[in-house]
Amino acid sequence: MTALDPMHNLFLGTAKHMISVWKTKKLLCDDDFRTIQERLEPFQCPSDVGRLPKKFSSSFGSFNADQYKNWTLLFSIYALYDLLPSEHLDCWRKFVLACRRLCSIFITVNNAKVADRLLLEFCKKFEQLYGQDFVTPNMHLHGHLYDCILDFGPVYSFWLFSFERENGILGSYKTNKKNIEVQLMKRFLKESLVREEDMNMDKHFQTVFNDLTNTTRERGTLGVISAQIVPSILELSSQYTSITEGRYDVATNIFASKFKDDILNDNEIKWLDRLYSTLYHHDEFTVCTSVKVCKELYVNGSLIGSKTSRSHRSSYVLAFWCNEEGAIDTDCTDMTPHPGQIVKIYMHSIIVDGFAHPHYLAKVNWFQQLPDNVRHCYGKPIEVWSSDLYVRDGPAMFIPIQRIKCRFVHAKVKVGHRNVIVVSPRERFIL
């Protein structure tokens with residue numbers, strides 16, 4: 001009946017320990033840490049991804065759990081490439097890939113088994129490379145995470161991010177250093193009472209009131225925990241779900257505001273007609289020439305932005321949707337999703353049997369694929385795509401919002417003579 005906390009076990013435990021081991025073994029020196037910092041600077045991250053401190057070498061010991069999580073899952077493989085010997089990097093890669101599977105709101109038994117196998121391989125390789133003296137009891141406990149997931153569910157249901165956040169909230173309260181417990185409880189009860197009161201006030205004041213009383217804004221990992229997510233909607237973005245199987249006019253868990261009316265041009269109408277023909281090839285429909293445009297929306301609690309919005313860093317998405325000819329890839333021939341940037345977000349309708357069926361669509365510029373030796377030069381889970389060349393226009397430039405798999409963090413750099421975009425997926429849902 002004992003639960004292991006994955007937050008301390010994986011991120012504040014092994015991830016933190018690994019950096020110390022690399023320094024002790026002199027695999028990384030001060031110049032290497034400066035190189036790591038230079039590689040991290042170009043990364044563009046959505047607002048809910050906490051950036052790592054500017055002085056990486058002197059501050060990694062004081063990273064919080066979210067920063068270690070982001071370092072492990074998103075940045076470490078790219079930052080450590082060709083700094084660590086390849087054998088050591090491959091050992092660390094096993095840990096990263098295991099964590100990426102474990103850190104999912106939904107997880108299958110098969111994925112849990114794969115993560116368990118990767119962690120076991122990591123621990124064996126670690127002992128071989130660094131010796132028994134560097135092995136910690138925490139690494140032994142990696143072998144029991146699989147049992148904890150079977151007993152208690154996905155890691156999001158029992159890890160301690162929420163407790164750590166509450167400690168931070170309580171520590172931020174101003175007190176006079178006397179009877180601290182009483183003051184904290186009075187503040188907590190006062191805010192709880194105010195938030196629970198039914199108050200009839202003007203909607204313009206309601207937003208300001210909520211901001212003033214909400215001292216527990218949930219960002220990072222906790223922001224994902226608080227979102228109400230429907231598994232059946234997530235399955236529409238999976239490569240194992242046929243594009244023609246779903247109904248994309250059902251807008252469950254999609255929230256948008258501030259629409260503007262617009263008119264589609266002839267090319268857009270032509271591509272949309274082909275899009276709907278692919279999705280609903282058995283139905284007769286009429287494509288509306290008018291459309292409502294918005295700059296951002298929320299899907300399953302996650303912000304999706306567009307190129308011209310303030311949330312433009314959340315406009316970079318991955319999906320099993322597009323091929324290199326600009327057509328819709330109905331067979332999902334590529335085993336990895338295609339990256340692109342959302343240009344606009346539409347609410348567009350088709351008329352079927354006299355009734356309007358609205359769809360939330362994204363207009364996307366899909367990045368062009370590079371040769372495999374360049375695309376996979378960093379190894380899993382990082383990929384490299386062309387940053388200044390896009391797939392030609394076609395029906396795949398429009399995609400139902402439900403088909404978007406996830407967002408990604410990116411850095412635009414040069415590899416050889418090419419301008420490329422380095423893609424690191426943010427997969428919170430692995431289905």
Side-chain angles (χ1 to χ4, degrees), residues 6 10-11 14-15 18 36 39-40 42-46 49 52 66-84 86-108 110-119 121-122 125 142 154-155 221 224 234 237-240 302 316-321 332 334-340 366-367 369-387 404-413 415 420-431:
L10 297 172
F11 303 121
T14 298
M18 288 300 296
I36 290 173
R39 291 179 178 180
L40 294 178
F43 267 96
Q44 295 290 315
C45 307
V49 175
L52 299 179
D66 248 344
Q67 288 172 325
Y68 268 117
K69 176 169 167 274
N70 291 335
W71 158 253
T72 302
L73 301 183
L74 302 177
F75 306 118
S76 62
I77 295 297
Y78 171 73
L80 294 170
Y81 180 76
D82 74 18
L83 296 180
L84 280 180
S86 58
E87 192 175 16
H88 294 258
L89 183 62
D90 288 339
C91 174
W92 171 247
R93 194 191 310 276
K94 293 180 188 297
F95 180 80
V96 172
L97 294 176
C99 289
R100 290 180 73 89
R101 288 185 178 270
L102 291 174
C103 296
S104 173
I105 292 180
F106 304 102
I107 188 169
T108 63
N110 284 338
N111 273 328
K113 287 180 179 178
V114 171
D116 182 59
R117 177 177 56 79
L118 287 169
L119 284 175
E121 291 175 1
F122 161 75
K125 191 65 176 178
H142 291 339
V155 296
T221 303
V224 187
L234 295 176
S237 65
S238 172
Q239 70 182 108
Y240 304 111
S302 295
Y316 292 87
V317 296
L318 290 158
F320 294 102
W321 183 254
C332 290
D334 197 342
M335 294 303 292
T336 56
H338 203 117
W366 299 105
F367 296 109
Q369 187 173 318
L370 293 173
D372 284 347
N373 64 322
V374 179
R375 178 181 170 187
H376 302 295
C377 63
Y378 293 101
K380 292 183 178 180
I382 305 297
E383 290 195 356
V384 176
W385 296 70
S386 175
S387 64
I404 293 174
K405 179 173 175 56
C406 64
R407 295 174 295 172
F408 64 88
V409 299
H410 71 280
K412 293 185 177 180
V413 296
V415 173
V420 303
I421 181 168
V422 178
V423 174
S424 181
R426 297 185 60 209
E427 297 186 85
R428 290 169 170 170
F429 322 108
I430 301 177
L431 292 173

May I have the step-by-step check of side-chain contact (heavy atoms from CB on, under 4.5 Å) for Ile107 and Val155, ending in yes or no?
-> CA-CA 9 Å; Ile107 188 169; Val155 296; over 6 Å; no
side-chain contact (heavy atoms from CB on, under 4.5 Å) evaluation trace for Val384 with Ile421 = CA-CA 6 Å; Val384 176; Ile421 181 168; over 6 Å; no
Could you walk me through whether Trp92 and Phe95 pass the ring pair (Phe, Tyr, Trp, His ring centres under 6.0 Å) test, one step at a time?
-> CA-CA 5 Å; Trp92 171 247; Phe95 180 80; 5.1 Å; yes
Test Arg39 against Asp82 for salt bridge (charged side-chain N to carboxylate O under 4.0 Å, His left out), laying out the working first.
-> CA-CA 12 Å; Arg39 291 179 178 180; Asp82 74 18; 2.7 Å; yes
Dump the intermediate steps for side-chain contact (heavy atoms from CB on, under 4.5 Å) on Ile36 and Trp71, then the final yes or no.
-> CA-CA 11 Å; Ile36 290 173; Trp71 158 253; 4.1 Å; yes
Trace of the salt bridge (charged side-chain N to carboxylate O under 4.0 Å, His left out) decision for Glu121 with Lys125 | CA-CA 6 Å; Glu121 291 175 1; Lys125 191 65 176 178; over 6 Å; no
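Counting only heavy atoms from C-beta outward, the side chains of Arg407 and Ser302 approach each other to under 4.5 Å. When side chains are defined from C-beta on, Phe75 counts as touching Asn70, because their heavy atoms get closer than 4.5 Å. Side chains of Val413 and Tyr78 form a contact here, defined as non-hydrogen atoms less than 4.5 Å apart. Side-chain contact between Pro381 and Ile77 is present, with at least one heavy-atom pair separated by less than 4.5 Å. Side chains of His376 and Tyr378 form no contact here, defined as non-hydrogen atoms less than 4.5 Å apart.
The CZ atom of Phe122 lies 12.0 Å from the CG atom of Leu97; values are rounded to the nearest 0.5 Å. Note that CG of Leu119 and SG of Cys99 are 6.5 Å apart. Values are rounded to the nearest 0.5 Å. Distance check: Lys94 NZ to Lys380 NZ gives 10.5 Å after rounding to the nearest 0.5 Å. In this structure, CZ on Arg93 lies 11.5 Å from CZ on Arg100, to the nearest 0.5 angstrom. Expressed to the nearest 0.5 Å, how far NE2 of His88 lies from CG of Leu84 amounts to 7.5 Å. Here the straight-line distance linking atom CG of Leu370 with atom SG of Cys377 works out to 9.0 Å at 0.5 Å rounding.
Considering all non-hydrogen atoms of both residues, Pro425 and Cys406 come closest at CB-SG, 4.3 Å. What you find for Phe11 and Cys103 is that their closest heavy atoms are CZ-SG, 3.5 Å. Among all heavy-atom pairs drawn from Leu89 and Tyr81, the shortest one is CD2-CA, 4.0 Å. The shortest non-hydrogen separation linking Lys412 to Tyr316 is NZ-OH, 3.8 Å. For Phe367 against His338, the heavy-atom pair with the smallest separation is O-NE2, 2.6 Å. Nearest heavy atoms, Leu74 versus Ile382: O-CD1, 4.1 Å.
Using a distance-only test at 3.5 Å, with no hydrogens or angles considered, no donor-acceptor pair links the side chain of Thr14 to the main chain of Leu10. Thr72 places no side-chain N or O within 3.5 Å of a backbone atom of Ala15 that could act as its donor or acceptor partner. Between the Thr108 side chain and the Asn111 main chain, a donor and an acceptor come within less than 3.5 Å of each other.
No donor-acceptor contact under 3.5 angstrom links the side chains of Ser424 and His410, judged on distance only. At a cut-off of 3.5 Å, with distance as the only test, a side-chain donor of Arg375 or Thr336 sits close to an acceptor on the other residue.
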